[in-house]
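Below, each value reflects all heavy atoms present in this structure, side chains not excepted, and no hydrogens, waters or symmetry copies. Protein chains get the first letters and strands the later ones, always in sequence-line order, with residue 1 at the start of each.
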Number of protein chains: 2
Amino acid sequence: MSEHLIKQVQLIDNFTDQDISLFLGLLEGSYLLKGEHFLKEGQISRHFAFIIEGLTMLYQIQDGVEIPCEFIKENEWVGYLKSFSTASPSDMNIKALEDTKLLRISAENLTKLFHIQPKFMLVKNYYTEYSFFTNAQHANDLSMLSAKQRYYKFIHENYDLSNRIPQYLIAAYLGIKPQSLSRLRK
Amino acid sequence: MSEHLIKQVQLIDNFTDQDISLFLGLLEGSYLLKGEHFLKEGQISRHFAFIIEGLTMLYQIQDGVEIPCEFIKENEWVGYLKSFSTASPSDMNIKALEDTKLLRISAENLTKLFHIQPKFMLVKNYYTEYSFFTNAQHANDLSMLSAKQRYYKFIHENYDLSNRIPQYLIAAYLGIKPQSLSRLRK
DNA sequence: TGCATTTATTAACAAATGTGAACGGAATGC
DNA sequence: GCATTCCGTTCACATTTGTTAATAAATGCA
């Protein structure tokens, strides 16, 4: 169940079996039904989670409309770093778009982990940078590409996701209205 | 000359005078004349630098036009993390908009620093996250606000910069054409 | 199965921003 | 100091995307 996770961690640095057991021992299984929230605006994020199975989105609400910033699926880490790292109230939401199975770790357990085996800081740092670069790429696409180019790019790079996510969310993710996306698809 | 830098570092964690001397010893003074590059597209970034005095921009080139992603001024760190961390060729450029005085550290010296005093990893991680959050905010503004709102926000939050940066660069930073910015200013 | 709700599509019109071109003034370099 | 280049502004017109509204299709639920 956690082979993917272990594989990913091992790619960043060499960890002993003992390190890995320690890490796994600090994780707890968790579930989200479709539509359930992992984090709501105003809350302080106290967990990060590795998705075993399912799909979630990090999004904000503008004028009553949900604007996805990121879709996070199986074998990826979900969380909102800004709230988690600074222990400040979140200005984002995270909810499940499908029934989702998680392994989550609390902020306290993460601190404990770093204390016992500081090498895990490299893993967190890797994640932070990866997340940064990914976000920056999407932001860049939003400002440099036309709506049509953004849509094609999204479809080509996320063919699997494009069939799991409703179009009005894809539209919002791409920074356009659902009507405009419909127009583009013709 | 480096009091600001020391103050910033001390805010993140407590460092002994010895730690600080070690750190300062790994920095080297450097200068950029207005228009000179700190990093060019295609190069691998091997340095990060703290700006003592001056102004720089991180930018990309699209269809021959310079598009600033970030303006970095005195008492801030300048560099391009994606190229620096992954030692990959840069897809961005960094150049000075004013004559600029720097204290720079090489990737090798940074590694050395982390090895001798791992607590400095917290400083790097702090910078990475700060940079992430700042970038995300700008990206969000670009997609959620109108051109007029973006301009007003920029002017109000960066009044000093707005007089040090030519308008065509501010326009590009805000994702609009210089002509459109002119129109807005009326 | 059938009703209610949500999501997707279409069209006419409006608004914001881009495009290309022209001009004047400022800064720059010789 | 003069010529040149660069920068900011203005205008008319084109293009893209938003807005509003109506309807169709799909989905969820009783």
> Are A:Ile170 and A:Leu161 side-chain neighbours, meaning at least one heavy-atom pair lies under 4.5 Å?
Replying inline: no
> Taking only residues two or more places apart in sequence or in another chain, which ones pass salt bridge (charged side-chain N to carboxylate O under 4.0 Å, His left out) with A:Asp160?
Replying inline: A:Lys73
>> List the residues meeting salt bridge (charged side-chain N to carboxylate O under 4.0 Å, His left out) with B:Glu28, not counting sequence neighbours, and say none if there are none.
In response: B:Arg104
>> Test of understanding: with salt bridge (charged side-chain N to carboxylate O under 4.0 Å, His left out), list the residues that count as partners of B:Asp13, not counting sequence neighbours.
In response: none
> Just wondering, are more than 12 heavy atoms of other shown residues or ligands nearer than 6.0 Å to NZ in B:Lys124?
Replying inline: yes
> Heavy atoms under 4.0 Å, any strand shown: does B:Gly35 hit a base, just sugar-phosphate, or nothing?
Replying inline: nothing
> Is the closest side-chain heavy-atom distance between A:Leu39 and A:Val78 below 4.5 Å?
Replying inline: no
> Does a side-chain heavy-atom distance below 4.5 Å link B:Leu184 with B:Ile176?
Replying inline: yes
>> Heavy-atom count check: over 12 atoms from other residues, nucleotides or ligands less than 6.0 Å from B:His37 NE2?
In response: yes
> How would you give the extent of chain B contacts on DNA chain D, as first and last nucleotide 5' to 3' within a 4.0 Å heavy-atom cut-off?
Replying inline: D:dC7 to D:dC11
>> Just the rounded figure in Å: distance from C1' of C:dT19 to NZ of B:Lys177.
In response: 9 Å
> Below 4.5 Å, heavy atoms only, C-beta onward: do B:Lys112 and B:Ser106 meet side chain to side chain?
Replying inline: no
> Which residues pass the salt bridge (charged side-chain N to carboxylate O under 4.0 Å, His left out) test with B:Lys177, sequence neighbours left out?
Replying inline: none
>> Could you work out, with ring pair (Phe, Tyr, Trp, His ring centres under 6.0 Å) as the rule, every residue matching A:Tyr151, not counting sequence neighbours?
In response: none
>> Short of 4.0 Å, heavy atom to strand atom, which residues of residues 143-163 of chain B count as contacting DNA chain D?
In response: none
> What pairs meet the salt bridge (Lys or Arg N to Asp or Glu O under 4.0 Å) rule with one or both residues in residues 75-101 of chain B, with sequence neighbours excluded?
Replying inline: B:Glu53-B:Lys101, B:Glu66-B:Lys95, B:Lys82-B:Asp91, B:Glu98-B:Arg164
> Is there a side-chain contact between B:Asn125 and A:Met121, using heavy atoms and a 4.5 Å cut-off?
Replying inline: no
> So do the side chains of B:Phe133 and A:Thr86 get within less than 4.5 Å of each other, counting heavy atoms only?
Replying inline: yes
> How would nucleotides 3-10 of chain C be written as a contact map, 5' to 3', with B for base contact, S for sugar-phosphate-only contact and - for no contact, using protein heavy atoms under 4.0 Å?
Replying inline: ----SSBB
>> Please give me every residue in residues 58-74 of chain A whose heavy atoms get under 4.0 Å of an atom in DNA chain C, ordered by residue number.
In response: none
> Taking for each residue the nucleotide of DNA chain C with the nearest heavy atom, is it B:Gly175 or B:Lys34 whose nucleotide lies nearer the 5' end?
Replying inline: B:Gly175
> Taking five pairs at each end of the helix from C:dT1-D:dA30 to C:dC30-D:dG1, what angle separates the two helix axes (nearest 10°)?
Replying inline: 60°
> Which pairs with one or both residues in residues 39-76 of chain A pass ring-ring contact (aromatic ring centres under 6.0 Å, His included), sequence neighbours excluded?
Replying inline: A:Phe48-A:Phe84, A:Phe48-A:Tyr127, A:Phe50-A:Trp77, A:Phe71-A:Tyr173
